[in-house]
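Fair warning: this is a prediction, and the values are worked out from it, not measured in the lab. What's counted below: heavy atoms across the whole structure, side chains too, no hydrogens, waters or symmetry copies.
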Amino acid sequence: VHTSLLLAFNDVGMHVIEVAWVTLAILLLALFIGAADRFFAAVGRADEIVFEATLGLERAKALKFIALYRSRRPKNLAVAWILSVILGPIGAFGYLEQWGKFAAALFTLNGLGAWWIESLYSVPQLVLMENRRSAQWALEQLPFAMQLDANAGI
């Protein structure tokens with residue numbers, strides 16, 4: 001009788017421990033995601049890039065620029081971190097369209113941990129670079145888009 005009670009307690013105890021680990025992992029992930037925006041506030045912020053690019057533009061051009069920029073789907077640092085945590089560096093590299101790093105991490109099994117360390121430093125910078133690239137594209141397309149709107153009578 002005592003042995004069966006002990007075994008039942010062990011099963012319940014193991015289940016409680018498993019649930020506690022999962023809960024702790026979820027809490028740590030939420031904390032990490034929440035803190036990422038504070039630690040990397042100046043890196044990869046799409047609103048700051050848009051603000052810089054629209055300085056000096058008249059209202060119609062600024063609105064058209066924002067529409068063009070958003071059509072490129074600017075990258076979000078929190079999303080990159082979530083993908084990096086869940087899928088490993090290949091998740092963040094795929095999201096940021098860094099196909100060379102994606103392939104290298106994939107074929108080397110994340111570099112036996114080396115790509116994890118590298119992604120901690122590079123992901124914020126890659127988000128910034130990708131958003132700046134999108135802003136540059138939108139600025140280059142702005143005259144053509146404004147001309148199309150003028151021709152269409154908008």
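With hydrogens and angles ignored, the 3.5 Å screen pairs a side-chain donor or acceptor of N131 with a backbone N or O of K75. Counting only distance, with no hydrogens or angles, the side chain of Y69 and the backbone of K64 share no donor-acceptor pair below 3.5 Å. With hydrogens and angles ignored, the 3.5 Å screen pairs no side-chain donor or acceptor of S84 with any backbone N or O of W81.
P124 and L77 get closest at one heavy-atom pair: CA-CD1, 3.7 Å. The minimum heavy-atom distance between W99 and G94, with the atom names listed, is CH2-O, 3.6 Å. For the pair A138 and L68, the tightest heavy-atom approach, listed with the atom from each and the gap, is O-CD1, 3.6 Å.
Contact check for W115 versus S122: no side-chain heavy atoms found under the 4.5 Å cut-off. The shortest distance between side-chain heavy atoms of M129 and R132 does not fall below 4.5 Å.
Distance CG/L96 to CZ/R133: 9.5 Å, rounded to 0.5 Å. With values rounded to the nearest 0.5 angstrom, S134 atom OG is found 11.5 Å from R73 atom CZ. A distance of 13.0 Å separates CE of M146 from CZ of F65, quoted to the nearest 0.5 Å. From I82, atom CD1 reaches atom OH of Y95 across 9.5 Å, with rounding to the nearest 0.5 Å. Atom CZ of F102 sits about 12.0 Å away from atom CD of E97, to the nearest 0.5 Å.
L63 and L139 are not part of a single hydrophobic cluster, where members link through side-chain heavy atoms under 4.5 Å apart. Under a hydrophobic-cluster definition in which Ile, Leu, Val, Met, Phe, Trp and Tyr are linked whenever side-chain heavy atoms come within less than 4.5 Å, directly or via other members, L109 and I117 are assigned to different clusters.
The one candidate from L126, I90, V123 that meets the side chain to side chain contact (heavy atoms under 4.5 Å, CB included) condition with Q98 is L126.
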Could you walk me through whether L106 and F93 pass the side chain to side chain contact (heavy atoms under 4.5 Å, CB included) test, one step at a time?
CA-CA 10 Å; L106 182 66; F93 294 151; over 6 Å; no
Begin with the C-alpha distance, continue with both residues' side-chain angles, and end with the deciding distance and a verdict on salt bridge (Lys or Arg N to Asp or Glu O under 4.0 Å) for K61 and E58.
CA-CA 5 Å; K61 285 184 178 180; E58 60 189 49; 5.0 Å; no
